[in-house]
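Just so you know, ligand 1 is whichever comes first in the structure, and atom 1 is the first atom listed for that ligand. As a basis for the values below, the full set of heavy atoms in this structure was taken, side chains included, without hydrogen atoms, waters or symmetry mates.
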Amino acid sequence: MWARELAVSAPGKVILHGEHAVVLGKVALAVALDLRTFLRLRPGAEGRLSVSLPGVGVRRSWDTPGLRALWGRIAADFDESKSPSVEELDALREFTGIAAGASAPDSLATLAFLYMCLAISSKYGDVPSVDIVVWSELPTGAGLGSSAAYAVCLAAALLMVCGAISCPLQEGESTARWTEEELALINSWAFRGERVIHGNPSGVDNAVGTWGGALRYQAGKITPLKRVPTLRILLTNTKVPRSTKVLVAGVKEKILKFPAIMNPVLDSIDAISQECQSVLETMPANPSPEHYPVLEEFFDINQHHLNVLGVGHPSLDRLCQVTASHRLHSKLTGAGGGGCGITLLPPDTSPLAVEAAKEDLCACGFECWETKIGAPGVTLHSCSSLSARVLHGLAQS
Ligand SMILES: Nc1ncnc2c1ncn2[C@@H]1O[C@H](COP(=O)(O)OP(=O)(O)O)[C@@H](O)[C@H]1O
Ligand SMILES: C[C@@](O)(CCOP(=O)(O)O)CC(=O)O
Ligand SMILES: [Mg+2]
């Protein structure tokens, strides 16, 4: 029986280069953002599992014996190496009253929660009587990896409750992290959660959510970058909603339709990621303005490639035009089709120019903010150590 009240958090991410191509085995460079998703875990009423997801308007509670029986029925030969099967997901949908094929944020979030909870508890323990709330500083569906941060928080909390990983927080400590081996287990279960939400994720987002920092990712191989200079980045949310799942499926279709045309584009994106990695690793910790033109050219070229893959959007074109009018270079980040773009801010950009660019972007109806990159990965917190700002999100739930 779980007896402690604790919180887990995981960061969102920015993909510098390699989105979409990474799904097809190419290299991506990604960094953790200082915006996080939080999960509060508390002992629940005996025999009840409750979840509240205020960001997507979900508040549900189930009898644990009913859930145990459901999983026994639908997943007698559950194979964790395989993608969640259509039958498993359909049975979970039917149980929760989610319409077949529903892809609204609340449906996908509930499905991913139940799938992860039942698969983890049947493998490592029993369906726990706990009360879980998940809330986020990240916008959902905007390219900043909210789905992965959600899946990483769920994986860590559920694995800990079921005893598959330790509870590393000692009395009196405010935060703690898990061992490398435990992080690898969290990452692998978060990937399964992402599969429920995305269909065919590359795994880069959950890797950043788990390990944080800055990393190179290719076909499941995670390599922390040797050295990452301090880069100033402006993040702009066009607020145009889109679904990662639909965009990833669209790219696949285009590649199947025109392989000879599209494969060279993927190879070029791969080359940009690799070149960018070597440039970043040889830059000084605090780069001077002359280091930026090459990074800016990589942004411009990749933005064109992403348009060719079909994941651009008029709102993202507008974002790039507005920043270009201030001599700044931008590209989309994440799945595209709307969502967020990133803009490089070289150190010689005057504060006035940054302010003017922000004003023009806001005048388009976009939201923008400067961000720090390289935040820590999944973390365990004592609830009393969470800041008032973080608790404000919980209070709204
Ligand atoms: N805090 C959260 N609470 C519940 N579900 C979430 C949360 N954050 C993300 N999700 C799930 O992730 C989905 C968004 O994932 P996705 O389309 O990949 O966009 P992104 O990962 O770029 O934000 C949402 O529709 C929802 O199902
Ligand atoms: C498009 C993709 O490369 C990144 C998707 O990121 P997001 O879900 O839009 O934050 C897909 C993936 O890597 O799984
Ligand atoms: Mg996502």
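- Taking 4.0 Å as the cut-off, G334 does not count as a neighbour of ligand 1 on heavy-atom distance.
- Nearest protein heavy-atom contact of atom 23 (O) of ligand 1 is S146 OG, 2.6 Å.
- The shortest heavy-atom distance from K13 to ligand 2 is under 4.0 Å.
- A salt bridge is defined here as a Lys NZ or Arg NE, NH1 or NH2 lying under 4.0 Å from an Asp or Glu carboxylate O, and K82 with E88 fails to meet this definition.
- The protein heavy atom nearest to atom 27 (O) of ligand 1 is P105 O, 2.9 Å.
- Protein heavy atom at the shortest distance from atom 2 (C) of ligand 1 is Y150 CD1, 4.0 Å.
- The nearest heavy-atom contact from the protein to atom 7 (C) of ligand 1 is T140 CG2, 3.7 Å.
- Ligand 1 lies within reach of R242, whose nearest heavy atom is under 4.0 Å from it.
- Looking from atom 19 (O) of ligand 1 to the surrounding protein, the closest heavy atom is G141 CA, 3.2 Å.
- Neither the backbone nor the side chain of A104 has any atom closer than 4.0 Å to an atom of ligand 1 (non-hydrogen atoms only).
- Not a single heavy atom of G55 sits under 4.0 Å from any atom of ligand 1.
- Inclusion of T244 in the set of residues having an N or O under 3.5 Å from an N or O of ligand 1 is warranted.
- The closest protein non-hydrogen atom to atom 1 (N) of ligand 1 is S136 CB, 3.7 Å.
- With a heavy-atom cut-off of 4.0 Å, V58 does not touch ligand 1 at all.
- Remark: ligand 2 and G143 share an N or O pair separated by less than 3.5 Å (distance only, no angle test).
- Ranking the protein heavy atoms by distance from atom 4 (C) of ligand 2 puts I15 CD1, 3.9 Å first.
- Between A335 and ligand 2, at least one pair of N/O atoms sits closer than 3.5 Å.
- Using a 4.0 Å cut-off to heavy atoms of A109, the atoms of ligand 1 that qualify are 4 (C), 5 (N), 27 (O).
- The shortest N/O to N/O separation between G203 and ligand 2 does not fall below 3.5 Å.
- Remark: E281 does not engage R227 in a salt bridge, criterion side-chain N to carboxylate O under 4.0 Å.
- Counting only heavy atoms of the protein, atom 12 (O) of ligand 1 lies nearest to S147 CB, 3.4 Å.
- Scanning all protein heavy atoms for the shortest distance to atom 8 (O) of ligand 2 gives T244 OG1, 2.9 Å.
- Taking any N or O of I197, backbone or side chain, none lies under 3.5 Å from an N or O belonging to ligand 1.
- By the criterion of a heavy-atom distance under 4.0 Å, neither the backbone nor the side chain of K245 is placed next to ligand 1.
- For R242, the closest heavy-atom approach to ligand 2 falls below 4.0 Å.
- Put simply, the side chain of F191 does not reach to within 4.5 Å of the side chain of H198, judged on heavy atoms.
- Every N/O-N/O distance between V134 and ligand 1 stays at or above 3.5 Å.
- Within the protein, the N, O or S atoms sitting under 2.8 Å from the Mg ion (ligand 3) are S147 OG, H198 NE2.
- At the shortest separation from atom 3 (O) of ligand 2 among protein heavy atoms lies H20 N, 3.0 Å.
- A 4.5 Å side-chain heavy-atom check between T333 and L144 finds at least one atom pair inside the cut-off.
- A donor atom on one side chain and an acceptor atom on the other are not found under 3.5 Å apart for D317 and Q321.
- Between H198 and ligand 1, at least one pair of N/O atoms sits closer than 3.5 Å.
- Pairs passing the side chain to side chain donor-acceptor pair (under 3.5 Å) check and including a residue from residues 91-105, sequence neighbours excluded, read D90-R93.
- Residue contacts with ligand 2 for D205 involve side-chain atoms from C-beta outward but no N, CA, C or O (heavy atoms, distance under 4.0 Å).
- No hydrogens or angles considered: nothing links the side chains of H313 and T238 as a donor-acceptor pair under 3.5 Å.
- In summary, the atoms of ligand 1 found under 4.0 Å from a heavy atom of L144, numbered by their order in the structure, are 22 (O).
- Close contacts between ligand 1 and V56 involve ligand atoms 4 (C), 5 (N) [criterion: under 4.0 Å to a heavy atom].
- A heavy-atom distance below 4.5 Å is not found between the side chains of T371 and L35.
- In this structure, atom 11 (C) of ligand 2 lies nearest to the protein heavy atom V23 CG2, 3.7 Å.
- Between G143 and ligand 1, at least one N/O pair is under 3.5 Å apart.
- Using the six-membered ring where Trp is involved, W135 and F38 have ring planes that are parallel, under 30° apart on the 30 and 60° scheme.
- Looking only at atom types and distance, the side chain of R177 has no donor-acceptor partner in the side chain of T179 under 3.5 Å away.
- Considering backbone and side-chain atoms together, S202 places an N or O closer than 3.5 Å to an N or O of ligand 2.
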